[in-house]
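Encoded as structure tokens, the structure appears first; notes follow it.
As the structure is a prediction and not an experimental result, all values here were calculated from the model.
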Amino acid sequence: MRNLFLVSLLFVFAACNQSSETKDEPVKDSVAADAKPVAEPGYIHRFGDTALENKITAALLQLPFVQKSNRYIDSISDHKHGISFMLDSANISNEISVQAGYNGEQRFETYYHFYVNTKNLDIKVYDPVADKKLTVKEYLKTLK
């Protein structure tokens, strides 16, 4: 019985002697704390044909749901900037992929993904739920 008591006491002392504190140095962040964000409000990606870019963005800003998002982004950014567009170069089918959304300090939040025909500026909206491109009229029907 006495041996059992001594072994138990030994385990108690051994458990109390272990420290739960670790002496490992915390990992330093690779980004300096005073670093300024690189992203600027407005357009993120520019491609060579600025006349076409201006036509596409003007056409997209005519859509009522884009105008609503533009006003929303303007209000949450303290009237510093509105909706931003990321335009990709034209692919084989003469469509330009355009992402529209909020260009925040940490990331770009895509609100809409458009495909714009470079010949006639026909706009299609990508619906991720249906996984297909919809015309603007079809997309507006899905909003109701």
Using the side chain to side chain contact (heavy atoms under 4.5 Å, CB included) rule, take Asp122 and Val116 through it: C-alpha gap first, then chi angles, then the decisive distance, then the call. CA-CA 6 Å; Asp122 182 38; Val116 182; over 6 Å; no
inquiry  = Tell me whether Thr135 contacts the main-chain N or O of Glu138 through its side chain, where contact means a donor paired with an acceptor under 3.5 Å.
reply    = yes
Check your understanding: Got a donor-acceptor contact below 3.5 angstrom from the Asp74 side chain to the Asn70 backbone?
Key ->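 No; judged by distance alone, with no hydrogens or angles, the pair does not exist.
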Check the side chains of Tyr112 and Ser69 for a donor-acceptor pair under 3.5 angstrom, ignoring hydrogens and angles.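 Their side chains do contain a donor-acceptor pair, which is all the 3.5 Å distance test asks for.
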Sorted by chain and number, sequence neighbours left out, side chain to side chain donor-acceptor pair (under 3.5 Å) with Gln62 holds for none
Discussion item. Checking Tyr72 against Tyr102 for the ring pair (Phe, Tyr, Trp, His ring centres under 6.0 Å) test, could you report, in this order, the C-alpha distance in whole Å, the side-chain angles of both residues, the deciding distance, and whether it holds?
Written reply: CA-CA 10 Å; Tyr72 172 72; Tyr102 173 63; 8.4 Å; no
For residues 123-130, run the donor-acceptor check on the side chains, cut-off 3.5 Å, and write out each pair with its distance to 0.1 Å, sequence neighbours left out.
| unit_1 | atom_1 | unit_2 | atom_2 | d |
| --- | --- | --- | --- | --- |
| Tyr126 | OH | Asp131 | OD1 | 2.5 |
| Asp127 | OD1 | Val129 | N | 3.3 |

For Glu53 and Leu87 the tightest heavy-atom approach is CG-CD2, 3.9 Å
Heavy-atom nearest pair, Ile73 first then Gly82, reads CG2-O, 3.4 Å
Atom pair [atom1]/[atom2] of [X] and [Y] - distance to nearest 0.5 Å:
| X | Y | atom1 | atom2 | result |
| --- | --- | --- | --- | --- |
| Thr118 | Glu95 | OG1 | CD | 8.5 Å |
| Leu63 | Lys68 | CG | NZ | 14.0 Å |
| Asn103 | Thr110 | CG | OG1 | 10.0 Å |

Residues at least two apart in sequence or cross-chain that pass side chain to side chain contact (heavy atoms under 4.5 Å, CB included) with Lys119, listed by chain then number, are Asn94, Asn117
Practice item. Indicate, with yes or no, if the rings of Phe114 and Phe85 have centres closer together than 6.0 Å. Key: no
Centroid separation Tyr111 to His113 less than 6.0 Å: no
Taking C-beta and beyond as the side chain, do [X] and [Y] meet within less than 4.5 Å on heavy atoms?
| X | Y | value |
| --- | --- | --- |
| Leu140 | Lys137 | no |
| Ser84 | Phe108 | yes |
| Val98 | Asp88 | no |

Margin query: Between Leu121 and Lys55, is the side chain to side chain contact (heavy atoms under 4.5 Å, CB included) condition met? List the steps.
Written below: CA-CA 8 Å; Leu121 294 181; Lys55 287 180 186 177; 4.1 Å; yes
